[in-house]
Amino acid sequence: MASEFSIIEKYFKPISVINSTNVGIGDDGAVISLPKNKQLVIVTDTSICGVHFPKKTPPFAIGWKSLAVNLSDLAAMGADPAFFSLALSLPAELNNEQWLTAFSTGIKTLADKYKVCLVGGDTTKSTVLSITITAHGWVSENTAILRSTAKAGNLIFVSGNIGDGGGGLKGIESCLDKLNTPEPRVKLGLNLLGLATSAIDISDGLLSDLKHILKASKVSARINYDVLPMSVSIKNYIQQTEQYCFPLTCGDDYELCFTIAQEKLAEITAIEKLTAVSLTCIGEVVTGESANIDITSNNAVIQNKLDSCKFAGFKHFF
Ligand code: ADP
Ligand code: MG
């Protein structure tokens with residue numbers, strides 16, 4: 001069992017690659033120079049064992065995902081990720097070389113990929129494993145992509161596939177990587193700057209998260225069930241279980257849902273090429289302040305047949 005200070009020194013300081021004008025791990029606080037004409041976007045996400053990830057999740061994945069969910073929030077804002085802090089509440093039984101090495105390597109692997117720097121944090125003993133990361137990114141002044149600016153007539157897009165994260169939770173083998181080590185759509189978010197009229201990352205389920213955009217923007221939506229992008233595994237799962245709502249409500253996708261003006265449609269193909277992420281138009285924003293979502297199939301509204309969709313998305317408190 002290592003002491004708090006040796007844990008920080010051995011496992012977390014190596015993640016912190018900081019330039020000479022800034023101060024990172026080792027003092028009471030981090031000191032960061034601010035780029036001119038930029039705004040800071042700040043996001044925080046907590047991951048608790050048994051709530052946000054199953055107990056059997058490998059420690060590499062726990063580290064990766066704790067950072068990924070934060071980078072995903074930054075991506076949804078169109079922010080360029082820069083640095084993050086890590087508050088780790090660690091049960092005594094996980095305070096060992098093997099667990100800490102795998103956990104910190106999971107964080108480092110993703111941090112290196114997106115060149116984000118660990119600048120500080122807190123390390124405490126706890127009965128439950130809990131990881132809180134606060135991540136910071138930059139946007140040029142007044143360019144951040146918000147939830148509140150979707151307009152009736154806009155097209156609604158999602159990146160990648162929906163449902164795989166939830167499929168991983170159900171134990172579907174081919175979905176486990178998507179559940180454990182989701183790829184935050186950072187590059188996509190950056191490319192949506194000046195294009196998307198609104199965006200959100202899908203963490204609680206497509207319907208629930210799209211509804212946040214609709215509420216904030218005081219509009220409604222119509223989405224076409226027949227074109228929802230799903231992996232073969234999820235299509236098979238739906239066929240076997242007849243749980244048609246599953247990909248709409250399961251959550252843990254960490255894809256982006258965003259809206260664009262119809263006349264910008266031609267720009268989507270170039271962004272798909274640039275980011276190597278498929279983008280699917282799943283419907284459109286319509287007028288109506290009630291944030292209603294009509295789901296259609298074969299041009300007919302089928303929402304009533306998808307009853308359980310009414311209980312859309314993961315919520316912590318009902
Ligand atoms: P204090 O005694 O002032 O609370 P700490 O002992 O908690 O300071 O932290 C010492 C230094 O180590 C600080 O720079 C802090 O940001 C950093 N630190 C502590 N825990 C972590 C962690 N889990 N990851 C990264 N940096 C950490
Ligand atoms: Mg101090």
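Order of appearance sets the numbers: ligands from 1, and atoms from 1 within every ligand. The figures that follow rest on heavy atoms only: side chains count, while hydrogens, waters and symmetry mates do not.
- Set against the non-hydrogen atoms of Phe12, the atoms of ligand 1 under 4.0 Å away are 22 (C), 23 (N), 24 (N), 25 (C).
- Between Ile8, Thr132, Val119, Asp27, it is Asp27 that holds the heavy atom closest to atom 14 (O) of ligand 1.
- In this structure, the side chains of Ile133 and Thr44 stay at 4.5 Å or more apart for every pair of heavy atoms.
- Against a heavy-atom cut-off of under 4.0 Å, Leu86 is close to the following atoms of ligand 1: 22 (C), 23 (N), 24 (N).
- Around CD of Glu289, the count of heavy atoms belonging to other residues, nucleotides or ligands within 6.0 Å does not exceed 12.
- Taking every heavy atom of Phe5 and a limit of under 4.0 angstrom, the matching atoms of ligand 1 come to 6 (O).
- Contact annotation: Glu4 has at least one heavy atom less than 4.0 Å from an atom of ligand 1.
- In the vicinity of Gly26, heavy-atom distances shorter than 4.0 Å reach the ligand 1 atoms 11 (C), 13 (C), 14 (O).
- Taking the six-membered ring where the residue is Trp, Phe157 and Phe258 present parallel rings, their angle staying beneath 30° rather than reaching 60°.
- A salt bridge links Glu97 to Lys10: at least one charged side-chain nitrogen sits closer than 4.0 Å to a carboxylate oxygen.
- Annotation for ligand 1: atoms under 4.0 Å from non-hydrogen atoms of Asp28 are 3 (O).
- Atom 7 (O) of ligand 1 has its nearest heavy-atom neighbour, among Asp122, Ile25, Ile15, in Asp122.
- Taking the side chain as every heavy atom from C-beta outward, Tyr225 and Ile282 never approach each other to under 4.5 Å.
- Other residues, nucleotides and ligands contribute at most 12 non-hydrogen atoms within 6.0 Å of the CD atom of Glu242.
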